[in-house]
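Values below: all heavy atoms of this structure, side chains included; hydrogens, waters and symmetry mates excluded. Protein chains get the first letters and strands the later ones, always in sequence-line order, with residue 1 at the start of each.
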Amino acid sequence: MEELPKIYDPKTVEKKIYDMWMEKGYFHAKRDPKKKPFTIVIPPPNVTGQLHLGHALDETIQDILIRYKRMKGYAALWVPGYDHAGIATQIKVEEILREQEGKTRFDLGREKFLERVWDWKNKYGDRIVTQLKTLGSSCDWDRQRFTMDEGCSKAVREVFCSLYEKGLIYRGKRIINWCPHCTTALSDAEVEYVEKPGHLWHLRYPLSDGSGEVVVATTRPETMLGDTGVAVNPNDERYTNIVGKTCILPLVGREIPIVADDYVDMEFGTGCVKMTPCHDPNDFEVGLRHNLEQVLVIDGEGKIINGGKYNGMDRYEARAAILKDLEEQGYLVKVEDLSHNVGTCYRCHSDVEPVASDQWFVKMAPLAKEAIRVVEDGEIKFVPDRFSKVYLNWMNNVRDWCISRQLWWGHQIPAWYCQDCGHITVSREDPTECEHCHSKNIKRDPDVLDTWFSSALWPFSALGWPDKTEDLDYFYPTDVLVTGYDIIFFWVARMIFSGMEHMKEKPFSTVLLHGLVRDPQGKKMSKSAGNGVDPIEIIEKYGADALRFNLITGNSPGNDTRFYVERCEAMRNFANKIWNASRFVMMNLTITENKLPDKLELPDKWVLSKLNTLAKEVNENIDSYEIGVAAQKIYDFIWDTFCDWYIELSKPRLSEGDENAQHVLLYVLTEILKLLHPFMPFITEEIYDAIPHSGEALIVENYPEYDDKLDFTQQERDFEIVMDAIGALRSRRADMNVPPSRKAKVIVLTDKQEIFKNSQIYIMRLAGASEVAVDSFDSSHDTDGMVTVITPSAKLMMPMAELVDLAKERERIEKELSKNRGFLASQEKKLSNENFVSRAPEAVVNAEREKAEKLRALISNLEETLANLK
RNA sequence: GGGAGUUUAGCUCAGCUGGUUAGAGCGCCUGCCUUACAAGCAGGAGGUCACAGGUUCGAGCCCUGUAACUCCCACCA
């Protein structure tokens with residue numbers, strides 16, 4: 001057998017292993033009627049994107065679940081794909097165009113520009129795919145999808161048309177959020193509110209009849225150019241006399257009415273509100289109720305229009321100019337500081353402008369009904385559960401979804417406007433004439449759909465819908481959706497109502513949410529802050545396995561986590577630990593078959609029993625999505641149980657040529673590799689390949705589960721008696737600074753003589769004993785010059801005369817005695833409590849009794865030792 | 001204005017439906033290159049589980065209240 005290097009080098013291994021998996025087609029899920037399907041669709045990363053730690057966490061969780069289920073015998077399908085990311089991609093290509101050619105998209109025209117985007121997508125679109133592969137993601141690459149591929153486009157068109165036919169998509173004029181930088185409408189979900197310091201300017205609007213004035217307050221004075229009214233509360237006695245009058249809009253000179261509307265809060269400001277129907281959602285509504293004129297004063301790029309001398313100015317430039325003029329002309333009453341929430345674009349973070357505009361909307365109320373029911377009824381579960389409240393709250397208050405975007409990159413809206421009769425033709429096939437008047441003079445809506453419109457269909461469009469595919473039939477609904485809590489509204493909510501509406505079935509059963517990966521200070525990682533960590537660099541340095549393990553341990557579902565590079569180091573060390581443990585096993589192997597021997601020693605039964613418990617718990621933990629807990633348990637077992645104890649225990653046996661020890665080592669190691677494989681796929685597969693094995697590859701081995709045949713609970717406890725003794729001896733030797741090289745005879749007085757007699761070699765090896773003599777408790781031994789160590793089951797003596805200080809020894813034992821007497825007292829108090837004994841479960845009471853027994857034994861051992869100490 | 005989360009060792013965090021004397025990684029102290037691993041081994045220090053009440057035989061975990069920090073939603077010009 002080839003000698004493995006001392007240090008594990010992930011770089012050379014990971015690529016080789018991944019290529020092997022690909023070549024063998026292990027990631028490809030076959031529809032097998034004998035198997036149960038398990039399906040995950042990937043949250044499609046942006047085609048413009050670079051892998052960041054958030055993706056890495058997301059993908060790792062999914063890969064763990066998929067690999068686990070695959071090993072459990074499911075037809076486990078993980079559908080990969082990416083998202084066309086309308087705004088982000090268009091901006092990216094526009095940027096390149098500007099930088100390289102000094103052109104805008106309008107210079108090229110729609111068709112040529114889109115060619116450029118496709119070129120760009122074809123060139124760089126697979127970068128994110130390559131990066132996913134370095135993480136070890138076992139996606140079914142044969143089924144890779146793109147939100148703008150033919151199938152997804154067909155799905156989008158079908159959904160648009162069908163919703164339109166049902167009256168659930170409509171076109172109308174509403175106040176929408178407009179991003180002047182991205183020059184497109186946004187949905188409500190795409191606006192992030194940021195608290196910013198601002199001002200409240202109080203302006204004087206003189207009454208037309210010269211009988212006085214009203215004072216209004218505003219945070220956005222530039223919108224006054226679009227004012228077409230002033231509103232007061234109908235119950236506000238201060239103003240009843242002016243309702244119905246008009247006032248003169250300063251700077252503009254327009255005569256505008258004063259109306260009464262409940263919307264106005266009498267307590268706030270002056271109780272008079274300027275009405276700008278085109279630039280404020282509330283004003284828009286008030287305007288409709290009172291028939292106020294609509295004057296649009298800010299254009300798509302945030303510049304002033306219909307504003308006389310201010311035309312062409314940027315909105316902030318205009319604000320300054322208007323304020324200056326207002327002040328000079330005596331219309332500015334006062335200025336107050338006011339911190340207020342400003343809507344910003346979630347893509348570019350520019351301030352969004354509320355603008356009245358004709359857009360397409362999805363009518364949400366009817367769709368929300370089923371989406372609410374399916375979560376309330378528990379058909380879809382959120383993990384952690386608290387997010388179902390967040391979801392339901394949003395869905396219960398959801399407003400219509402603005403889905404049109406003034407972009408070129410995306411799914412163009414399948415609506416044609418008749419230039420003659422004005423009818424809108426919406427169709428699955430491109431029409432050649434108006435369906436109403438048959439005019440050929442029709443023009444297609446230039447806008448595209450919100451990127452999230454296509455993502456909303458992902459769980460079924462990625463499986464082939466609207467065609468009736470076998471994949472759809474077999475794999476839908478999917479099982480788990482893994483994503484960050486930050487896109488519940490953008491994506492999760494919309495997938496749920498889309499699935500219910502178009503499939504009449506939930507898109508997934510469980511939504512597993514994780515938190516954000518933050519920097520060591522707890523700040524959000526971002527390009528602009530420069531605190532981002534590139535997962536690819538981490539993988540190169542520490543390996544994908546270490547990164548994966550780092551990301552999924554030490555945090556729990558739905559909670560944010562901080563990323564420490566040092567933790568990667570710790571996880572790399574763990575990988576190296578496994579590597580070396582495996583090296584040790586291999587170096588000592590003369591056997592070639594992996595099977596448990598008939599004759600098992602006590603430590604064998606101990607380790608197998610621990611392994612059995614581990615397998616049981618890991619299955620339970622993963623099944624309930626506690627994957628961090630599962631990982632931690634495997635880590636502890638490998639490092640503590642297997643390496644620090646079992647391997648050490650096996651050494652004296654191996655040197656005696658005990659093949660049974662080899663068999664148990666190989667068996668346990670193999671089971672560990674299986675258990676760990678979903679978490680650390682590369683190193684486990686590499687080791688599996690190097691040790692004797694019967695399976696084809698680890699990735700398709702059976703995942704370990706609880707095994708009745710390995711139930712050695714009693715032997716596990718028996719051996720822990722020996723471990724207690726070893727621990728006590730070690731601790732005592734360390735106290736006295738005895739170097740490991742100095743061996744000493746150990747005399748064990750115990751009523752468990754058989755256990756200790758069978759364990760002499762282990763005590764010698766692990767506790768620095770030159771020889772071990774076992775005798776009964778009541779046998780007499782000279783304690784002169786003996787160092788005594790007490791455990792509940794044994795009195796252990798080492799002749800180390802020169803190290804013994806009688807006074808100190810007394811003191812030590814007395815201290816230990818009083819400590820344990822204290823414990824026993826509290827224990828006995830608990831046991832003498834009627835309520836405890838009668839109400840606590842029997843197992844708990846028995847455990848407590850046993851504990852008390854042990855303490856009594858320990859105390860009597862200590863007392864006896866103290867009495868003999870002369 | 002409404003809702004949620006967090007508060008556990010020096011730091012960052014686990015702690016699964018309430019059940020010993022509360023754990024991990026990193027850091028710290030002591031001793032070891034014991035032929036798998038110094039990216040390691042052995043031993044150790046360090047916590048009144050934010051605070052105040054309550055329920056319970058038993059509370060880090062459940063209930064009530066308080067405080068601090070964080071986030072989400074709504075949005076009053």
Next on the checklist: Taking donor-acceptor contacts at under 3.5 Å, does the side chain of A:Asn621 reach the base of B:rC16?
Outcome noted: yes
Checklist entry - Has the side chain of A:Glu648 got a donor or acceptor that lies under 3.5 Å from a partner of the other kind on the base of B:rA36? => result yes
Item to check | Nucleotide of B:rA77, B:rC37, B:rU12 approaching A:Tyr564 most closely (side-chain heavy atoms) | outcome: B:rU12
Item to check | Plane angle bin for A:Trp201 and A:His199 - parallel if under 30°, tilted between 30 and 60°, otherwise perpendicular | outcome: tilted
Checklist entry - Does the base of B:rA39 carry an N or O that pairs as donor and acceptor with the side chain of A:Arg572 under 3.5 Å? => result yes
Checklist entry - Of all the nucleotides listed (B:rC75, B:rC72, B:rA36), which has the minimum atom distance to the side chain of A:Lys651? => result B:rA36
Item to check | Distance test, side-chain N/O of A:Lys633 to OP1/OP2 of B:rA14, below 4.0 Å | outcome: no
Checklist entry - Where the side chain of A:Ile647 is defined as all heavy atoms beyond and including C-beta, which of B:rG44, B:rA39, B:rA36 is the nearest nucleotide? => result B:rA36
Item to check | NZ or CZ of A:Lys381 within 45° of A:Phe387 ring axis and under 6.0 Å | outcome: no
Checklist entry - Has the side chain of A:Lys6 got a donor or acceptor that lies under 3.5 Å from a partner of the other kind on the base of B:rC37? => result no
Checklist entry - Is there a donor and acceptor pair closer than 3.5 Å between the side chain of A:Asn555 and the base of B:rC13? => result no
Item to check | Min side-chain heavy-atom separation A:Asp265-A:Asn233 under 4.5 Å | outcome: no
Next on the checklist: Would you measure the distance from the P atom in B:rA4 across to the matching atom in B:rC63 and give it in whole Å?
Outcome noted: 12 Å
Item to check | Proximity to the side chain of A:Arg562 - top-ranked nucleotide from B:rC13, B:rC32, B:rA36 | outcome: B:rC13
Item to check | Parallel, tilted or perpendicular, as decided by the 30° and 60° cut-offs, for the rings of A:Trp579 and A:Tyr8 | outcome: tilted
Checklist outcome for this item: Which of B:rG25, B:rC37, B:rA39 is nearest the side chain of A:Tyr635? It is B:rG25
Checklist entry - Can you check the A:Glu828 CD to B:rU21 C1' distance for me, whole Å? => result 16 Å
Checklist outcome for this item: Nearest-nucleotide check on RNA chain B, A:Glu569 vs A:Thr553; residue mapping nearer the 5' end is A:Thr553
Item to check | Mutual orientation of the aromatic rings belonging to A:Phe574 and A:Trp639 [parallel < 30°, tilted 30-60°, perpendicular > 60°] | outcome: parallel
Checklist entry - What nucleotide among B:rC16, B:rG25, B:rC73 has an atom nearest to a side-chain atom of A:Glu626? => result B:rC16
Checklist entry - Applying a 3.5 Å limit to both distances, which nucleotide forms a Watson-Crick or G-U wobble pair with B:rC75? => result none
Checklist entry - Nearest of B:rU20, B:rC26, B:rA36 to any side-chain atom of A:Phe584? => result B:rA36
